Amino acid sequence: MKFTKDQLQRYSRHIILPEVGEQGQMKLLKSRVLIVGAGGLGSPVGYYLSAAGVGTIAMVDDDVVDLSNLQRQIAHCTGTLGMPKVESAKITFESLNPDVHIIPIKERLTKHNILDLIKDYDIVADCSDNYATRFLVNDACVLAKKPLVTGAIFKFEGQLTAVIPHEGPCYRCLFEEPPPPGILPSPQGVGLLGVIPGVIGTLQAAEILKLIIGRGSVLKGELLIYDAMKPSFRKVKVPKNPDCPICSDHPTITELIDYS
Amino acid sequence: MRLTINGDFFETSGTRTLEELLNELDIEPGRVAVEVNLSIVKKADYPAFMLNEGDKIEIVNFVGGG
């Protein structure tokens with residue numbers, strides 16, 4: 001496979017970087033990423049991966065575009081109100097970059113479909129909006145040995161980390177299990193500064209691009225936390241839990257759990 | 001007792017255990033993960049987990065939105 005003249009121009013700022021080059025750009029074009037959630041985080045993750053020329057991007061989300069989404073979910077617009085989010089995102093991303101093939105999957109992830117869905121992808125991005133999905137995606141990625149870049153946001157704060165199964169800790173090493181119902185307010189009920197998903201999703205996209213290109217160090221074993229009010233970035237080292245129920249060498253979770 | 005919490009110095013008022021510290025800070029244990037000197041503490045251990053002078057504590061909010 002060779003670059004077209006247009007591709008050499010489109011990706012020129014990547015190609016002139018010695019760390020990326022033609023080889024790195026070709027890796028991007030051949031790579032396949034699955035994004036869980038086409039909302040606040042999924043928008044910038046999908047946007048920047050599309051701009052970067054990640055060849056195949058699947059978006060999983062069963063929701064439709066609502067007016068209250070548009071304060072932060074930049075993949076969607078007034079003209080796509082009422083449309084499935086995955087279809088709206090496909091229009092946006094493919095019009096940005098026709099090299100990119102967006103696969104819209106209008107489904108809810110469950111323990112029955114997730115392993116089949118992620119098996120065809122190189123990397124998974126968790127951009128979901130609930131704890132049940134976060135634990136399901138983490139566990140499935142550990143079982144399937146898929147790198148996972150997980151991000152989460154709340155009010156004025158966001159955080160992200162990369163889970164590289166069996167090389168570093170997983171999401172469950174830090175957070176044992178979903179919080180008991182009612183302990184945490186639902187993100188929908190408390191509000192969110194519109195730019196927070198832009199910051200965290202863009203950082204998730206950066207981690208994914210580095211994983212694909214194979215350069216730089218990846219945010220594994222560390223949680224990066226952004227607080228817009230201070231403002232500050234803080235990194236917390238996350239040790240691997242030797243007794244982690246899913247990623248230790250003596251797991252107690254051997255099949256996927258639907259917490260929802 | 002002087003502790004470092006999320007990188008900042010903090011002087012406790014008579015707090016001995018991790019659970020007491022979260023009470024003093026008015027933090028609901030179910031909403032956070034806590035690391036003391038680079039080890040994650042299991043939630044079930046919070047009441048009995050004794051803190052020591054100079055402990056470095058990270059309190060991470062359990063955030064789920066997307």
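Please read all numbers here as calculations on a predicted model, not as lab measurements. Residue numbers begin at 1 in each chain, while the letters A, B, ... track the order of the sequences.
Listed by chain and number, the residues in a ring-ring contact (aromatic ring centres under 6.0 Å, His included) with F62(B) are Y131(A), F175(A) (sequence neighbours excluded).
Checked options P239(A), C173(A), P169(A), C244(A); the residue passing with I40(B) is P239(A) (criterion: side-chain contact (heavy atoms from CB on, under 4.5 Å)).
Within 6.0 Å of NZ in K106(A) there are more than 12 heavy atoms belonging to other residues, nucleotides or ligands. Within 6.0 Å of OH in Y48(A) there are 12 or fewer heavy atoms belonging to other residues, nucleotides or ligands. Within 6.0 Å of the CE atom in M50(B), the count of heavy atoms belonging to other residues, nucleotides or ligands exceeds 12.
Of the atoms belonging to P197(A), not a single heavy atom falls under 4.5 Å from chain B. Of the two parts of L223(A), only the side chain, counted from C-beta on, holds a non-hydrogen atom closer than 4.5 Å to a non-hydrogen atom of chain B. Heavy atoms of Q204(A) lying under 4.5 Å from chain B are absent altogether. For I225(A), the part lying near chain B is the side chain, with the backbone staying farther off; criterion is any non-hydrogen pair under 4.5 Å.
Side chain of Q159(A) to backbone of N61(B): a donor-acceptor contact under 3.5 angstrom is found.
Between chain A and the options K42(B), E28(B), R31(B), heavy-atom pairs under 4.5 Å are most frequent for R31(B). With chain B as the partner, the residue from A152(A), G158(A), P180(A) showing the most heavy-atom pairs under 4.5 Å is A152(A).
Between V236(A) and E58(B) the shortest heavy-atom distance is CG2-OE1, 3.5 Å. In terms of heavy atoms, F154(A) sits closest to V63(B) at CB-CG1, 3.5 Å. Among all heavy-atom pairs drawn from L174(A) and A33(B), the shortest one is O-CB, 3.6 Å. For the pair G30(B) and P179(A), the tightest heavy-atom approach, listed with the atom from each and the gap, is O-CB, 4.0 Å. Across all non-hydrogen atoms, the minimal contact from E176(A) to K43(B) is OE2-N, 2.9 Å. Across E35(B) and V238(A), no two heavy atoms sit closer than the pair OE1-CA, 4.1 Å.
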